[in-house]
There are 2 protein chains.
Amino acid sequence: MDPVRPYTEVLDRLKSAGLRPTRQRLALAKLLADSGDRHITAEQLHDEAQRAGVRVSLATVYNTLHQFTAAGLLREVVVEAGRSYFDTNTSNHHHFFHQDRGELVDIPAGAVTVSELPVAPEGSAIESVHVVVRIRDDAN
Amino acid sequence: MDPVRPYTEVLDRLKSAGLRPTRQRLALAKLLADSGDRHITAEQLHDEAQRAGVRVSLATVYNTLHQFTAAGLLREVVVEAGRSYFDTNTSNHHHFFHQDRGELVDIPAGAVTVSELPVAPEGSAIESVHVVVRIRDDAN
DNA sequence: TTTTTTCTTTAGAATTGTTCTAATCTATTG
DNA sequence: CAATAGATTAGAACAATTCTAAAGAAAAAA
Ligand SMILES: [Mn+2]
Ligand SMILES: [Mn+2]
Ligand SMILES: [Zn+2]
Ligand SMILES: [Zn+2]
C-alpha cells in the first residue's frame, strides 16, 4: 500500500519463511504475485523472468519454486508425467486439465463437491484430496 | 478354462486390438493378468519379467504398456512428476497415493463420491474425473 | 566498519524416466 | 515357401529436474 516500500509484503513473507530477500527471490516473487492466479512451470517462469530483464538461472528458479512451496506460498500440482505446475492459488481447490493444450485451470469453488471422503488406510492420514477433471476440445 | 489352451483369452484380446500375439506380448499380458489388481511402472514390470525368466527389452515393455492402454486393457495414472503407473483395473475408480512409499492404492468403490460435477469450459468436454487422496504415514 | 560465517546463486554435469532410431527379427499373407 | 508388414532391440537421444562445487552476497560477530 505504501508506494515507497512496494516490497514490504513480499519481504515479510520471505523473512517469516527464513529466506534471505535476495534480488532473485524478490523478482520471482513479484512476477508471481503480480500476475494473478496462475499455473506455471519452472521453465515458463524462467522465460518470463528473462523477458522481464531479470537475470536468474534455471537452477535458482527451481530452488525458489520449491522453497516457496515449502513456505506455503505456492502449491505444486502434478497431472502429467514429466512436468510440475506451481499454483499461485494455495487454497484447496480442484482443476480442469486441458489435455489438448496442456493447460491447468481452476475449477470454481463449489462447482465440484467430494461429498464422501474415504477412510485413510490403517496407519496413514489424509493429507490432501484433489480432483482432476480431464477435458478435451469438443468434437462439435 | 481349457487347460490345453491357457492363452485363449489373452490371444483374443490381442487379436481384437490388432496386435500380433508375440512371445513378449503374451508373457507381459500373462504377468499382468495373473497378479490381480495392480499399479505398476514400466521398470517394475520389466524387472518382474526378468525375474520370471522372460527376455524382453525395456523399450518393448514401454511399447506394450502403451499399446495395451490404447486397447483399453490398462489405464495410465499419473500422480507424481516423472513416473507413470499402469493400472490393471480399467474401471472408473479413484486412488490413494501413499507419498512416503510412492504407492498407488485403489479407493474402494463407493468410499468416495463426487456429488457435483463441474460444467466443462466452453468448447470442451469432460473426459474423466479422477480423485487423488494423498496420504502419509500416521504421526502416531 | 571489517571480518567471519552462513546462505545463495550459478554453470554445467549428472540423473531419471521415457522416447526415438534404425538394424534385425518374426508373424502373417499370398 | 517367398514377400511383406509389423515387432523387437540396443543404444542413442531427450526433457525435466536435481546435483556439484565454486564463486558471490547477506547476516552476524568482532
Ligand atoms: Mn518437486
Ligand atoms: Mn505415456
Ligand atoms: Zn489452481
Ligand atoms: Zn487403480
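Sequence lines set the chain letters: A, B, ... in the order given, protein chains first and strands last, and positions in each chain run from 1.
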Ignoring backbone atoms, test whether B/Tyr62 places a side-chain nitrogen or oxygen under 4.0 Å from the OP1 or OP2 oxygen of C/dT19.
->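 Looking at the OP1 and OP2 atoms of C/dT19, neither is under 4.0 Å from any side-chain N or O of B/Tyr62.
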
Looking at B/His66, does any N or O in its side chain come under 4.0 Å of the phosphate oxygens OP1/OP2 on C/dT19?
-> yes

Can you tell me the distance, in whole Å, between the [atom1] atom of [X] and the [atom2] atom of [N]?
| X | N | atom1 | atom2 | answer |
| --- | --- | --- | --- | --- |
| A/Tyr85 | D/dT17 | OH | C1' | 15 Å |
| A/Gln44 | D/dA15 | CD | P | 16 Å |
| A/Glu76 | D/dT17 | CD | C1' | 11 Å |
| A/Leu14 | D/dA26 | CG | P | 13 Å |
| B/Lys15 | D/dG6 | NZ | C1' | 17 Å |

Member of A/Leu58, A/Leu65, A/Thr41, A/Val54 meeting the side chain to side chain contact (heavy atoms under 4.5 Å, CB included) criterion with A/His46 | A/Leu58

Is it true that atom CZ of B/Arg13 has more than 12 heavy atoms of other residues, nucleotides or ligands lying nearer than 6.0 Å?
-> no

Atom CG of A/Asn92 with >12 non-hydrogen neighbours under 6.0 angstrom = no

Does B/Ser124 use its side chain to pair, donor to acceptor, with the backbone of B/Ala120 at less than 3.5 Å?
-> no

Could you tell me whether a side-chain N or O of B/Arg25 sits under 3.5 Å from a main-chain N or O of B/Arg20, the two making a donor and an acceptor?
-> yes

Would you be so kind as to tabulate the donor-acceptor pairs closer than 3.5 Å made by side chains of residues 100-108 of chain B, with sequence neighbours excluded?
unit_1   : atom_1 : unit_2   : atom_2 : d
B/Asp100 : OD1    : B/Arg136 : NH1    : 2.7
B/Asp100 : OD2    : B/Asp137 : N      : 2.7
B/Asp106 : OD1    : B/His39  : NE2    : 2.7
B/Asp106 : OD1    : B/His93  : NE2    : 2.9
B/Asp106 : OD1    : B/His95  : NE2    : 3.1
B/Asp106 : OD2    : B/Asn89  : ND2    : 3.3

Let me have a per-nucleotide readout for nucleotides 2-16 of chain C, 5' to 3', with B, S or -, counting only protein heavy atoms under 4.0 Å.
-> ----BBSSBS-----

